[in-house]
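Start at 1 with the first residue, then count along the sequence. When reading the values below, keep in mind they use all heavy atoms of this one structure, side chains included, and skip hydrogens, waters and symmetry mates.
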Amino acid sequence: MNQKNIFAFLFLFISVVFLKWSNITEKRIIGEVMGYLLPVSLIIFLNDKDRVKCLKYIVKWFAILMVPAIITYILCQTVGLPSLGTIQVNNNDIQADWYLLKENYFFCTMYTLKETARFNGPFNEPGHLGMMSAFLLFADGFKFYKKSTWIILLALFMTLSLSGYVLAFAGFLFSKYYNGKIKMKIMIPFLIFIVVGYLFSVYYNDGENIINEKIISRLEYDEERGIVGNNRVQEDVHLYFLSMLSDSYLLMFGYDYEKVHQWAYEGSRGTGMEMFIVRFGIVGFILSLSFYLVCFLYDRPKKAAALFLTFVFLTLLQRSYWYWASWLICYLYGFTLWTKKKQYRNNNLKE
């Protein structure tokens, strides 16, 4: 119950009320907010020693979960397995039909109405698994001597998630920079690997291979999006975003929930920072960021605090899931692990 945690929780409370209030038209605001904040308070107010223990177990068991998920996925893609039935994904946001129906294989799910070779494990989307795998590896410091790191990396690779790859690359550089381990003898082989992989994907089978089609080609320049793979929003969302620049009220508070809901029905939907500002405006953006800013202001050393805040910004660009419990755990517990490492080693807490 220190000052940092109290203020961080207070701003979290304010921002969650703001976001929930604008989404809920019925009188469910108290239940929605308390149902979220009560368990999240346990995450925030956990002491530093147990934060490190908790993160260690999460990394371990996440990797263990990925093993049967990967095996099940490979068997489904090759010999085929009978599913345990169809899962109907419940989501307040309007989603495409192919997103909402999943075949249940216990350790992983498969799209029912969309053919895809991408691995998403027990998550709704491959992008979700890619994002959280990268965040978890970053929080743990990319410890390549651990089996769990390699298992999670394999799961990340199988997602074919461009955003997951970019986040993992950034997280790797951040962790090595913080530990003073970015040297030429490490970077040169890494860069050679990237160049060789790029050339192989572009020229193998004249570019008609899954790596080039799903990843490399999406990094090409595009006049409207910047890069081809910048597809966080669909249809007219970008136009709605640009329209906000000429309307001060819309820019500050975003569009009405009913309008955004109707646009989603018509196909204009998305995620990431641009979609978030369309929905909640600059006020919502600042309020949502306030939790992380409070942590940044209190956290020491500032070098690690700046790296974690930057990673959150990078993650936010592709998915605006500010207050997923998984984000909070990786952010808070990862920072604690990075900065208290020597202290916990002295207390015989093995990594």
Side-chain angles (χ1 to χ4, degrees), residues 1-12 37 39-64 131-153 156 167-183 186 289-316 321-351:
M1 297 292 289
N2 58 36
Q3 192 177 68
K4 168 199 166 183
N5 290 339
I6 292 173
F7 275 107
F9 183 78
L10 175 63
F11 279 96
L12 175 67
L37 289 178
V40 165
S41 65
L42 300 177
I43 295 175
I44 294 176
F45 291 109
L46 192 66
N47 65 79
D48 286 351
K49 181 177 179 180
D50 286 331
R51 283 183 175 187
V52 173
K53 285 185 177 180
C54 185
L55 183 60
K56 180 184 72 171
Y57 285 120
I58 288 174
V59 172
K60 174 184 175 181
W61 286 102
F62 185 88
I64 290 175
M131 172 183 66
M132 291 319 307
S133 296
F135 210 156
L136 196 57
L137 290 169
F138 170 67
D140 195 45
F142 280 87
K143 299 181 178 69
F144 291 106
Y145 58 83
K146 296 169 62 175
K147 294 180 181 178
S148 58
T149 298
W150 290 101
I151 294 172
I152 296 173
L153 276 173
L156 170 60
L167 287 174
F169 178 69
F172 170 78
L173 292 181
F174 288 175
S175 64
K176 296 308 174 185
Y177 171 73
Y178 178 74
N179 292 299
K181 294 182 178 179
I182 292 186
K183 299 178 181 178
I186 295 178
L289 185 61
S290 62
F291 170 84
Y292 295 96
L293 289 177
V294 168
C295 293
F296 172 76
L297 292 174
Y298 277 93
D299 284 340
R300 297 291 186 278
K302 274 290 179 278
K303 181 179 180 180
L307 292 174
F308 268 82
L309 186 61
T310 303
F311 191 88
V312 165
F313 267 111
L314 293 176
T315 310
L316 173 65
Y321 302 159
W322 299 82
Y323 297 131
W324 259 19
S326 50
W327 276 42
L328 300 181
I329 289 173
C330 288
Y331 182 81
L332 295 172
Y333 296 7
F335 179 83
T336 303
L337 174 66
W338 279 33
T339 56
K340 305 293 183 182
K341 193 173 181 180
K342 292 182 180 179
Q343 175 184 343
Y344 294 125
R345 281 180 174 174
N346 293 334
N347 291 332
N348 296 319
L349 286 178
K350 297 181 180 179
E351 297 177 358

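Note on residues 293-316: pairs passing side chain to side chain donor-acceptor pair (under 3.5 Å), not counting sequence neighbours, are Q3-Y298, K4-D299.
Two residues are said to be in side-chain contact when any heavy atoms from C-beta on lie closer than 4.5 Å; F7 and L297 fail this criterion. Counting heavy atoms from C-beta outward, L309 and F335 have side chains that stay 4.5 Å or more apart.
By the ring pair (Phe, Tyr, Trp, His ring centres under 6.0 Å) test, W61 pairs with no residue at all, sequence neighbours left out. Taking N179 as the reference, K181 meet the side chain to side chain contact (heavy atoms under 4.5 Å, CB included) condition, with sequence neighbours excluded. Scanning for side chain to side chain donor-acceptor pair (under 3.5 Å) contacts around Y323 gives S15, with sequence neighbours left out. In terms of the side chain to side chain contact (heavy atoms under 4.5 Å, CB included) criterion, residue partners of I58 (sequence neighbours excluded) are, by chain and number, C54, L136, I329. For F144, the ring pair (Phe, Tyr, Trp, His ring centres under 6.0 Å) criterion is met by W150, F172, not counting sequence neighbours. Checked against side chain to side chain contact (heavy atoms under 4.5 Å, CB included), A63 has the following partners two or more places apart in sequence or in another chain: S148, I151, I152. Judged as a ring pair (Phe, Tyr, Trp, His ring centres under 6.0 Å), and not counting sequence neighbours, the contacts of F311 are F135, F138. Among residues two or more places apart in sequence or in another chain, the side chain to side chain contact (heavy atoms under 4.5 Å, CB included) test is passed with S175 by F142, W338.
One finds the OG atom of S290 at 8.5 Å from the CH2 atom of W322 (value rounded to the nearest 0.5 Å). Taking OH of Y57 as the reference point, atom CD1 of I64 lies at 11.5 Å (rounded to 0.5 Å). For the atom pair NZ (K56) and OH (Y333), the distance works out to 15.0 Å, reported to the nearest 0.5 Å. Here I44 contributes atom CD1 and L328 contributes atom CG; the two are 6.0 Å apart, rounded to the nearest 0.5 Å. Residue T336 holds its OG1 atom at 9.0 Å from CG of L55, rounded to the nearest 0.5 Å. Taking CG of L173 as the start and CG of L307 as the end, the distance is 10.5 Å to the nearest 0.5 Å.
Dense packing is recorded around OH of Y178, with more than 12 heavy atoms of other residues, nucleotides or ligands lying under 6.0 Å away.
Between the side chain of R51 and the backbone N or O of L46, at least one donor-acceptor pair lies under 3.5 Å.
Counting all heavy atoms, side chain and backbone alike, P301 lies closest to T339 at CD-CG2, 3.4 Å. Heavy atoms only, all atoms of each residue included: F45 and I6 are closest at CE2-N, 4.0 Å. Nearest approach of L37 to F9, heavy atoms of both residues: O-CE1, 4.0 Å. Among all heavy-atom pairs drawn from A325 and I43, the shortest one is CB-CD1, 3.9 Å. The nearest pair of heavy atoms linking L332 to C295 is CD2-SG, 3.9 Å.
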Query - Residues S133, F62; criterion side chain to side chain contact (heavy atoms under 4.5 Å, CB included); working and verdict - result: CA-CA 9 Å; S133 296; F62 185 88; 3.9 Å; yes
**Report entry** Residues L137, K143; criterion side chain to side chain contact (heavy atoms under 4.5 Å, CB included); working and verdict
**Finding:** CA-CA 8 Å; L137 290 169; K143 299 181 178 69; over 6 Å; no
Query raised in the report: What's the verdict on side chain to side chain contact (heavy atoms under 4.5 Å, CB included) for Y292 and W327, showing C-alpha distance, side-chain angles and the deciding distance?
Result: CA-CA 11 Å; Y292 295 96; W327 276 42; 3.6 Å; yes
